[in-house]
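Here the structure is laid out as structure tokens; the discussion comes afterwards.
Everything numeric in this text was worked out from a predicted model, so none of it was measured.
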Amino acid sequence: QSRSALVNNGFDVLEVNISDLKEAAKNLSVLVIADPYSTYSSEEREIIQSYIREGGNLLIAGEPGKIDLINPLLSELPVRLNPNQVYQKIKDVESTVLASKPSQKAHEFGFVKKAASIISLAGVAGLELDQNPNGFRIEPILISDTKNVWQGRVAVDTTSDAYVQEAQVLAASLTRTVNDKEQRIMLLGDADFMSNSELSRYNLRNVNAEFAINLFKWFTYDQFPVNTERPASIDNK
């Protein structure tokens, strides 16, 4: 019922069996793997990694505690989930919710209109980026604040030495050229960023809907959503 739902912006969402991925990939703008609940078999991992090698676009949205399910899929990519969850102390908001900030590159990519925007992440793991990107261009997209932010295995307002000294990367983009096309991959440490609860969150003024739509706009190389804006009226009185 939301105007910002993908189906209301020209996107078709299809469920794909991994065994059929090779054939389905011909018509996919992006493969989405979000918060898996079971381990992928070696055969399934090979099908997914073959899709990546051939230049397919990919969105992987993980969750804290899912490194054993997510990281094996990332074995050929220079990024992975950190085992620790990231927490933040914000007035009137549970500590598991982070008010993440878009990076400068996120603003340049058009994921958000305003650089000072907030994307709320309800339960998020940090990311580890390799120093050797192996042919990829890696850009942090969402980062944490450094004020009242800590990481660990438990959601306690812990001692000061657990607070982070540097902003934590919570989402990152990877791009490279494969077969004369720019391959686009996004890894997030949270899969709830475009859930109903975050799109309708009331205790943080977030732009999750804007971020989600522009993320899929990026994956479709700006083909969707169709721009329906009109020029400003000359007579505006």
Rounded at 0.5 Å granularity, tell me how far [atom1] in [X] sits from [atom2] in [Y].
X: I118; Y: N208; atom1: CD1; atom2: CG; answer: 10.0 Å
X: S144; Y: K101; atom1: OG; atom2: NZ; answer: 7.5 Å
X: E210; Y: L199; atom1: CD; atom2: CG; answer: 12.0 Å
X: L58; Y: L174; atom1: CG; atom2: CG; answer: 9.5 Å
X: K181; Y: E54; atom1: NZ; atom2: CD; answer: 11.0 Å
X: W150; Y: Y163; atom1: CH2; atom2: OH; answer: 5.0 Å

Can you give me the closest heavy-atom contact between [X] and [Y], atom names plus distance?
X: D192; Y: S195; answer: O-OG, 2.8 Å
X: R176; Y: R53; answer: NH2-CA, 3.9 Å
X: P102; Y: I119; answer: CD-CD1, 4.1 Å
X: S117; Y: V112; answer: OG-CB, 4.1 Å
X: M194; Y: A212; answer: CB-CB, 4.0 Å
X: F224; Y: N9; answer: CB-O, 4.2 Å

Criterion side chain to side chain contact (heavy atoms under 4.5 Å, CB included) on L69 and Y40, from CA distance to verdict: CA-CA 7 Å; L69 304 183; Y40 291 101; 5.8 Å; no
Side-chain donor/acceptor of [X] to backbone N/O of [Y], under 3.5 Å:
X: E198; Y: A122; answer: no
X: Q85; Y: G123; answer: no
X: D190; Y: F193; answer: yes
X: E44; Y: S41; answer: yes

[X]-[Y] co-clustered via ILVMFWY side chain contacts under 4.5 Å:
X: F111; Y: L6; answer: yes
X: L77; Y: L127; answer: yes
X: I60; Y: V16; answer: yes

Shared-cluster residues of I90, by chain and number - hydrophobic side chains joined below 4.5 Å: V93, V97, L204
Parallel, tilted or perpendicular, as decided by the 30° and 60° cut-offs, for the rings of F109 and W218: parallel
Donor-acceptor side-chain pairing of S50 and E46 below 3.5 angstrom: no
Please list every donor-acceptor pair under 3.5 Å in which a side-chain atom of residues 129-143 meets a protein atom from a residue at least two apart or in another chain.
from	atom 1	to	atom 2	distance (Å)
D130	OD1	R80	NH1	2.7
D130	OD1	R80	NH2	3.4
D130	OD2	R80	NH2	3.3
N132	OD1	N134	N	3.4
R137	NE	T175	OG1	3.3
R137	NH2	E182	OE2	3.4

Inter- and intrachain pairs under salt bridge (charged side-chain N to carboxylate O under 4.0 Å, His left out), touching residues 218-237, at least two apart: none
E166 atom CD, over 12 foreign heavy atoms within 6.0 Å: no
Neighbour count >12 (heavy atoms, 6.0 Å) for atom CG, N196: no
Contacts of S200 that satisfy side-chain contact (heavy atoms from CB on, under 4.5 Å) - sequence neighbours left out: none
Residues that N17 engages under side-chain contact (heavy atoms from CB on, under 4.5 Å), provided they are two or more places apart: S19, D20
Audit row: F211, N206, side chain to side chain contact (heavy atoms under 4.5 Å, CB included) steps and yes/no: CA-CA 9 Å; F211 176 75; N206 64 23; over 6 Å; no
Verdict with reasoning, K217 to Q223, per side chain to side chain contact (heavy atoms under 4.5 Å, CB included): CA-CA 7 Å; K217 178 182 179 183; Q223 185 177 3; over 6 Å; no
Pairs meeting criterion side-chain hydrogen bond (donor to acceptor under 3.5 Å, both in side chains) with involvement of residues 55-72, two or more places apart: D35-K66, N57-Y221
Criterion side chain to side chain contact (heavy atoms under 4.5 Å, CB included) on V169 and V79, from CA distance to verdict: CA-CA 11 Å; V169 179; V79 63; over 6 Å; no
